[in-house]
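Heads up: the structure comes next, in structure tokens.
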There are 2 protein chains.
Amino acid sequence: MLPHCACRVYDGGVEQKVVRKILRVPMSSRRDITVEQHETDALSGSHTLTAVEALSSAVRKRILSGEFRPGEFLRDAKMCEEHSTSRHTFRAAAQALVNEGLLRQIPNRGFVLPDFGPDDIVDITRMRGAIEGEAVRMIVFTGLIPQQALDAVKVMRSSKLSSDKSTLVAADRDFHRSIIDASGSVRLRRMYATLESEIELLLVQRQDFYSEPGEMAEEHERLINSLRNRHYEKARAAFQEHWTDLQTKLLQHTP
Amino acid sequence: MLPHCACRVYDGGVEQKVVRKILRVPMSSRRDITVEQHETDALSGSHTLTAVEALSSAVRKRILSGEFRPGEFLRDAKMCEEHSTSRHTFRAAAQALVNEGLLRQIPNRGFVLPDFGPDDIVDITRMRGAIEGEAVRMIVFTGLIPQQALDAVKVMRSSKLSSDKSTLVAADRDFHRSIIDASGSVRLRRMYATLESEIELLLVQRQDFYSEPGEMAEEHERLINSLRNRHYEKARAAFQEHWTDLQTKLLQHTP
DNA sequence: ACTTTTATAATTGTTGTACAATTCCGTTGC
DNA sequence: GCAACGGAATTGTACAACAATTATAAAAGT
């Protein structure tokens with residue numbers, strides 16, 4: 001094991017007095033500021049990374065890269081060594097991923113990669129309908145189409161068939177995430193985040209198939225148009241079809 | 001600090017060989033059985049309690065009893081002493097409660113009771129509409145009204161005004177929880193669980209007001225009837241009114 | 001040969017302790 | 001009054017140890 005300080009993850013830890021200077025804020029009121037600040041960015045996450053947060057991000061990446069097979073256990077001895085952290089930190093990080101749906105915890109057996117069955121695919125799609133459907137309702141109500149969604153479609157449209165698949169994956173993710181963000185609901189966003197993770201893991205486990213760029217762009221343009229028309233039932237139906245399409249594809253790819 | 005063994009929470013830990021005998025299962029296939037079993041009851045929670053689970057339950061109770069004020073910090077030194085556990089265990093338990101919405105974690109400041117503002121009340125209500133609305137859709141579709149919901153209404157109906165308030169609170173909770181359960185979606189249930197916690201905490205923080213039993217029974221009977229008619233839009237509207245009523249009451253009680 | 005028992009090893013869950021980093025809080029100085 | 005300083009309190013992390021459970025493999029029984 002490395003010496004004490006080499007393991008530390010803290011890097012940009014700003015000292016208190018410096019912060020005080022930067023913010024130009026009197027001593028007395030500083031406490032309230034930090035509280036408020038942290039309460040707001042509890043989800044936007046702009047504070048200096050905790051070791052647990054850094055680790056859970058790292059493990060999340062490994063999981064979503066498809067490094068582990070469904071049903072595989074994440075042995076904490078191995079994990080701790082690979083990320084050079086303590087077991088407690090790993091367990092905290094893993095627990096966070098459990099709440100995200102990327103891991104399951106089995107008492108006395110450890111953390112294991114979920115093995116999604118057809119039921120899960122249906123369940124996730126249904127859940128997505130409830131969550132994203134609410135966001136769609138809000139957008140239809142306000143009439144404000146998020147710029148990021150339009151940008152994502154542009155990316156799809158300008159992508160060649162030969163272009164990197166990850167670009168398309170990211171565009172699709174950005175599109176739907178912007179729909180959720182537009183709802184302005186922190187809880188909607190939080191809940192969708194877990195769904196998004198699960199869906200991404202599903203795609204990875206199921207060989208990450210994706211439609212051809214042109215088709216994909218067309219499909220999402222249709223969704224945008226359904227939002228523009230500001231008719232909730234129709235918009236909802238359009239999105240529903242989109243979700244169900246994915247569900248069908250996923251179910252067909254079931255081993 | 002108490003001696004080692006006095007702190008242990010393990011109590012009903014069944015020995016492996018005994019289990020094997022009870023289940024009458026050959027050695028070779030046992031592994032698969034436990035895995036499946038745990039995968040299914042990951043949410044129903046029928047395994048022997050972990051120290052972390054026991055602790056988080058205990059702390060959840062304390063929080064929902066209104067013992068702590070909004071904005072109050074749960075100092076881990078105090079908590080560990082009061083529950084005679086290690087700091088690691090407390091932190092794991094607290095993190096679980098963070099994911100449930102009953103606590104917030106502020107880096108380097110600890111775990112704090114959330115202080116819900118009007119925005120949160122609106123957000124929670126909206127979220128509830130999305131989640132419970134989906135369950136309502138499913139019930140309308142299948143036409144199966146959960147027995148527990150009917151039982152809960154009976155309890156409300158037979159309650160006197162003088163009866164214990166907690167009975168009514170429980171009945172209301174059971175009613176809505178059974179609606180969710182009837183959807184048969186594990187994810188819907190998991191997400192509703194956090195909402196339920198937040199709502200319960202809100203009610204506690206806002207003095208736990210509740211309607212008069214008769215009125216409450218009537219209101220829920222109306223909901224049941226809307227489900228019986230099997231018209232989604234109307235049922236959804238009925239439930240929406242119910243949720244909005246609560247929202248209004250909560251907003252009025254804002255300090 | 002197949003299952004059951006037994007013993008042993010590997011892994012998880014929990015605790016205690018130590019320490020670095022950060023935040024809190026009272027004091028001093030201006 | 002407000003800013004800067006310094007010690008005390010608190011959190012975050014690491015390391016080590018051990019109890020409890022599970023996994024694995026060898027021995028025994030049928």
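Residue numbers start from 1 in every chain, and the chains themselves are labelled A, B, ... in the order their sequence lines are given, proteins ahead of strands.
Listed by chain and number, the residues in a ring pair (Phe, Tyr, Trp, His ring centres under 6.0 Å) with B:Phe116 amount to none (sequence neighbours excluded). With sequence neighbours excluded, no residue forms a salt bridge (charged side-chain N to carboxylate O under 4.0 Å, His left out) with A:Arg126. Applying the side-chain hydrogen bond (donor to acceptor under 3.5 Å, both in side chains) criterion to B:Ser185, with sequence neighbours excluded, gives A:Asp123. Scored by the salt bridge (charged side-chain N to carboxylate O under 4.0 Å, His left out) test, B:Glu72 finds no partners at all (sequence neighbours excluded).
Atom CZ in B:Phe73 sits roughly 12 Å away from atom P in D:dT10 (whole-Å rounding). Whole-Å rounding puts the B:Ile106 CD1 to C:dT23 C1' distance at 12 Å. In this structure, the CD atom of A:Glu81 is 15 Å from the C1' atom of D:dC15, given to the nearest Å. A straight line from CE of A:Met79 to C1' of C:dT12 spans 15 Å, rounded to a whole angstrom.
For A:His88 against C:dT15, a side-chain N or O and a base N or O form a donor-acceptor pair under 3.5 Å.
The neighbour count for B:Gln148 CD, taken as heavy atoms of other residues, nucleotides or ligands under 6.0 Å away, does not exceed 12.
Of all nucleotides listed (D:dT13, C:dT14, D:dA14), D:dT13 comes nearest to the side chain of A:Ala51.
The nearest heavy atom of DNA chain C to B:Arg87 and to B:Phe90 marks one nucleotide each, and the one closer to the 5' end goes with B:Phe90.
Residue pairs satisfying the salt bridge (Lys or Arg N to Asp or Glu O under 4.0 Å) criterion with at least one member in residues 58-68 of chain A, sequence neighbours excluded, are listed as follows: A:Arg60-A:Glu100, A:Arg62-A:Glu67, A:Arg62-A:Glu82.
Listed pair A:Thr89 / D:dA14 meets the phosphate criterion, a side-chain N or O lying under 4.0 Å from OP1 or OP2.
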Atom pairs, protein N/O to nucleotides 9-11 of chain C N/O, distance under 3.5 Å:
{"from": "C:dT11", "atom 1": "O3'", "to": "A:Arg75", "atom 2": "NH1", "distance (Å)": "3.3"}

